Protein chains: 2
Amino acid sequence: MQDHLQIKMDEFLPLRDVVFNTLRQAILTGDLKPGERLMEIHLANRLGVSRTPIREAIRKLELEGLVIMIPRRGAEVAQITEKSMNDVLEVRRSMDALCIELACERISEEEVVALKKACDEFEQAVETGDIKIIAQADVALHDIIVRATGNMRLVQLINNLSEQMYRYRFEYIKDSSQHARLVEEHRMIYDSIVRKDKETASRVAKLHIDNQKKSIIDQLRLDRSNR
Amino acid sequence: MQDHLQIKMDEFLPLRDVVFNTLRQAILTGDLKPGERLMEIHLANRLGVSRTPIREAIRKLELEGLVIMIPRRGAEVAQITEKSMNDVLEVRRSMDALCIELACERISEEEVVALKKACDEFEQAVETGDIKIIAQADVALHDIIVRATGNMRLVQLINNLSEQMYRYRFEYIKDSSQHARLVEEHRMIYDSIVRKDKETASRVAKLHIDNQKKSIIDQLRLDRSNR
DNA sequence: GGTTTGTATTTTGTATACATTAATCATATT
DNA sequence: AATATGATTAATGTATACAAAATACAAACC
């Protein structure tokens, strides 16, 4: 683990939640790598807190599937296998389709405007060529759709599933030959939501995931062979 | 909280997991009621352990959505609102459809046999008229289908969603006028899986949830008005 | 050489202690 | 009488202490 694991003090959150967010972020960004052990005293010293909040944070990470517990040996960052990624993508594909169908039914006028804006901003982001900006614009756009469902449980589940893909998504975005396709897909999604065309919307959403799948899995394989 | 909250000692599980399972069960069975506070010292005394494993169990229940945390006030059993139940059912409906479609593709010969057996056993369970036996047979049957997907993430997600419905499911099963319909639906599910007819299977799975929805929501309303 | 066994060390699992904040309740004041 | 206020109690948040298990490593043994 490189040493930029640092706690961001949020004055009014319990330490356990601060630690939880910190570790979660570290895992998602790859700062803490799969297989790496999370040793309590170590983390406690590094983050300048006691073991208690560390342990409580780990319990949540455990349930979230980001770390696995080995009894009497402690926690380590969960390995992402090809199988587990396929499982995630399979569910995500279906949930995204559900999201967009519900969005067709329930999206508000303001949200349609926001979605339009997000589409335009994504197009601009693509033009900058900056991966981080593009990824951020992509998240913002999808977030609008997910929230438009009004289903908070669904929001939470999608977020959890997205987590698992987080690290590997970048490779797809990096591939600039896909950018035109992405912009086009987003516009199709926008159009079909506006037209309340659930059929098309759902098809595009699934296609959207299918397109990402190959590069995510490739990246995953590459990652594994590099260890 | 009535006083049959008791710990079941599993020699080789960490206490936090034993406590987690105990509290989880207590919440699902309604032994711990929505809104009821989970006070650490009380629970610790009652279960004969210290606060530490209690707290760690609560962290997991928190992420699972079964309890909510109020800062500096502690945990209480999550209220199940009509909205949150609708959200759950909406996602569950879609996931069940996914499950059964995947099962069509991937179910093994042995699992088909097991599913047939589970169907028959459900029919027998219905004949006994015993709610608990029927509910159990129902769970067993659905479990086979979910597992037949081979998607462990999906299994985990469906289990989490089922939790939320757990308490309220019984009312539907109690209504014996629905029994014939249930048996019929199960047979249709079995048939369509054997024929690998994803279209029909998916439709029946959704219908299956839709049929349960009304009585679950009714029960929820009744539950709320009784407090 | 390889296996085994024993000891030291590390790490987790659990309990407890201390600090801080929230809730309670009685008393005083207007 | 109603509201404020202050002391008391109780609960959570955090840190630390202690016990037990796992690991690592070295010496003894075959």
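What you see is a predicted model, and the numbers here were worked out from it, not measured in a lab. Convention: sequence-line order gives letters A, B, ...; per-chain numbering from 1.
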| task | In whole angstrom, give the distance that lies between atom CZ of B:R51 and atom P of C:dA17. | result | 12 Å
| query | Is A:R16 touching bases, backbone alone, or none of the nucleic acid, heavy atoms closer than 4.0 Å? | reply | sugar-phosphate
| said: Less than 4.0 angstrom between a side-chain N/O of B:S50 and OP1 or OP2 of C:dA15, yes or no? | reply: yes
| message | Just to verify, what does B:R153 make a salt bridge (charged side-chain N to carboxylate O under 4.0 Å, His left out) with, not counting sequence neighbours? | response | none
| d(CG, A:N45; P, C:dT11) in whole Å | 10 Å
| said: Please report the distance, rounded to the nearest Å, between CE in A:M69 and P in C:dT11. | reply: 14 Å
Could you write out each protein N or O paired with an N or O of nucleotides 22-24 of chain C at a distance under 3.5 Å?
unit_1	atom_1	unit_2	atom_2	d
C:dA23	OP1	B:R73	NE	3.2

| query | Sequence neighbours excluded, which residues qualify as side chain to side chain contact (heavy atoms under 4.5 Å, CB included) partners of B:N159? | reply | B:V155
| request: Give the ring-plane orientation class for B:F122 versus B:H186, where under 30° counts as parallel, over 60° as perpendicular and anything between as tilted. | output: perpendicular
| said: Measuring from atom NE2 of B:H42 to atom CE of B:M39, what distance do you get when rounded to the nearest 0.5 angstrom? | reply: 4.5 Å
| query | Hey, are A:E90 and B:R106 close enough for a salt bridge, meaning a charged N less than 4.0 Å from a carboxylate O? | reply | yes
| said: Measure CD/A:E40 against C1'/D:dA21 and give the value in whole Å, please. | reply: 14 Å
| request: Return the residues of residues 53-60 of chain B meeting this criterion: a heavy atom under 4.0 Å from some atom of DNA chain C. Order them by number, or give none. | output: B:P53
| remark: Here the distance between atom C1' of C:dT12 and atom CG of B:D17, to the nearest Å, is 13 Å
| message | Heavy atoms only, 4.0 Å cut-off, all strands: where does B:I70 land among base, sugar-phosphate and nothing? | response | nothing
| message | Which residues pass the side chain to side chain contact (heavy atoms under 4.5 Å, CB included) test with A:F170, not counting sequence neighbours? | response | A:I131, A:A135, A:Y166
| Does A:E62 pair with A:R59 as a salt bridge, N-O distance under 4.0 Å? | yes
| remark: B:I144 meets the side chain to side chain contact (heavy atoms under 4.5 Å, CB included) criterion, sequence neighbours left out, with B:A114, B:L115, B:A118
| Does the pair A:K60/A:E64 count as a salt bridge with the N-to-O cut at 4.0 Å? | no
| Between D:dT12, C:dT12, D:dT14, which nucleotide gets closest to the side-chain atoms of B:I41? | D:dT12
